[in-house]
Amino acid sequence: SFRMASLAFAALLLSGAFFVSADKALVLLDNFSTRETHSIFFDYLKSQGIHLTYKLADDSNLSLIKYGEFLYDHLIVFSPSVSEFGGDIDTKAITNFIDGGGNVLVAASSDISDVLHDLGTECGVEFDDEKTAVIDHLNYDRADDGMHTRILADSGDVIKASIVVSKAPKSPVLFKGVGMTADSENPLVLEVLHASSTAYSYIPDSAITNYPTAVGKATLLIAGLQARNSARIIFSGSLDLFSNKYFLSSVQNAVEGSKKFDVSGNEELAENLAQWVFKKKGVLRHQSVKHHVQGQPDSPEAYTVSQDVEYTIKIEELVKEKWIPFQGDDVQMEFVRIDPFVRLTLNHTKDGVFRARFKLPDRSEER
């Protein structure tokens, strides 16, 4: 006899998750002035139905869990210089939060602390050292202070994945902060935004005596991760990237003759990242899963060799807060005994119903 396996999606099938969070977020800050300096971004999150609770990152009463239940669905860490989280929060507590399905947005800076270093390492992202910054002598903003650390990231360097970023910003992205590299052994890390080929990470205004930690396009400005339990994480090397000042700033490469843009691409990119990391897009749910011998209405307790079987599943996608039929062309199902021995791509209708029909083979007839 045989059993019907659950639906198997290819990795990132499109970053599908099968639930929508209740949208409560804890926001950890170095100081409460960040509520004002980053108010446009926070107001956007609230417009998306996310309830924000602001706390200082070293508050002695901090907790993510109570009586075995998570208190929040999302965690926003906008406290790059905190030396130690307060209360019951530490790196292990945050990784447990992620393991429990929680989503996390982290924004760092050149004042990055060890606790954010440790959190990044746990998630496959390596931040450069404190006091370092991403430097680019050919792609810096005209308003730079001379250190060439107020850099411009070209929209073409944004990840080509519409589920994460619907489309690249029209203007360059303004960035000032610490660089990152991705763990090459972690296939789940997404290089959301990388620096140009002329960038590197080092201590500004310091003689280079060692090879930089990050050089060229291997220098990540923003990294993402979708864990195997569908929890999502975004790491940004720049807290300024989400600030009102950077959202509203005009940008122009300091190289003579460069085009001036009236506003940076920061707000557009930040909204896209928020949509993804807080599961406002790229979310799927399934229902009406059925399997049976063709011509029979009910599912049997077991199947036998050479029976003709039909499998159907209805899948919906969350788009602009509404569930609509999913139209993916790469959804697969597996039929297993000990190992999968039938794997098929499902056909679908406009109503989001996916179907496969097949004959159960002998073990020697695997496909």
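All of these numbers come straight from a predicted model, not from anything done at the bench.
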If you measure from the Lys or Arg side-chain nitrogens to the Asp or Glu carboxylate oxygens, is any gap between K280 and D23 under 4.0 Å?
yes
Partner set under side chain to side chain donor-acceptor pair (under 3.5 Å) for N272, not counting sequence neighbours:
S166, K281
Heavy-atom closest pair (K176 atom, S238 atom, distance to 0.1 Å) is O-OG, 2.9 Å
Using a 3.5 Å distance criterion without hydrogens, assess whether the side chain of Q327 forms a donor-acceptor pair with backbone atoms of K350.
yes
With H51, which residues qualify under side-chain contact (heavy atoms from CB on, under 4.5 Å), at least two apart?
T53
Pairs in or reaching into residues 90-111: which pass ring pair (Phe, Tyr, Trp, His ring centres under 6.0 Å), with residues at least two apart or in two chains?
F70-F97
Given Y54, which of F42, F78, F32 fulfils the ring pair (Phe, Tyr, Trp, His ring centres under 6.0 Å) condition?
F42
Got a sec, which pairs hit ring pair (Phe, Tyr, Trp, His ring centres under 6.0 Å) with one end in residues 214-240, sequence neighbours left out?
F127-F235
Residue set satisfying side chain to side chain donor-acceptor pair (under 3.5 Å) with Q48, at least two apart, ordered chain then number -> Q275
Would R150 and Y246 count as a cation-pi pair here, with the cationic atom under 6.0 angstrom from the ring centre and within 45° of the axis?
yes
I want to check something: taking the side chain as every heavy atom from C-beta on, are D73 and K24 in contact at a cut-off of under 4.5 Å?
yes
Residue list, ring pair (Phe, Tyr, Trp, His ring centres under 6.0 Å) with H148, at least two apart or on another chain
H137, Y140
S196-N139 side chain donor-acceptor pair, cut-off 3.5 Å:
yes
Can you sort out the partners of D30 under side-chain contact (heavy atoms from CB on, under 4.5 Å), two or more places apart, ordered by chain and number?
S79, P80, S81, V82
Under the side-chain contact (heavy atoms from CB on, under 4.5 Å) test, residues paired with K260 that sit two or more places apart
R142, S250, Q252
Qualifying residues under ring pair (Phe, Tyr, Trp, His ring centres under 6.0 Å), relative to Y72, sequence neighbours excluded
none
Which residues pass the side chain to side chain donor-acceptor pair (under 3.5 Å) test with T181, not counting sequence neighbours?
none
State which residues pass side-chain contact (heavy atoms from CB on, under 4.5 Å) with A270; sequence neighbours excluded, sorted by chain then number.
F41, F242, F247
Output, in order, the C-alpha distance, side-chain angles, deciding distance and verdict of side-chain hydrogen bond (donor to acceptor under 3.5 Å, both in side chains) for D183 and N186.
CA-CA 5 Å; D183 181 354; N186 189 332; 5.2 Å; no
Y202 and N210, any side-chain heavy atoms less than 4.5 Å apart
yes
Can you tell me if N244 uses its side chain to pair, donor with acceptor, with the backbone of I40 under 3.5 Å?
yes
Heavy-atom closest contact (E268 atom, A168 atom, distance)
OE2-O, 4.0 Å
Pairing residues for D128 by the side chain to side chain donor-acceptor pair (under 3.5 Å) criterion, not counting sequence neighbours:
S201, T213
Should the ring pair Y311 and H291 be called parallel, tilted or perpendicular, given that the plane angle runs from 0 to 90° and is split at 30 and 60?
parallel
Return yes when atom CG of N96 has more than 12 non-hydrogen atoms of other residues, nucleotides or ligands closer than 6.0 Å, and no otherwise.
yes
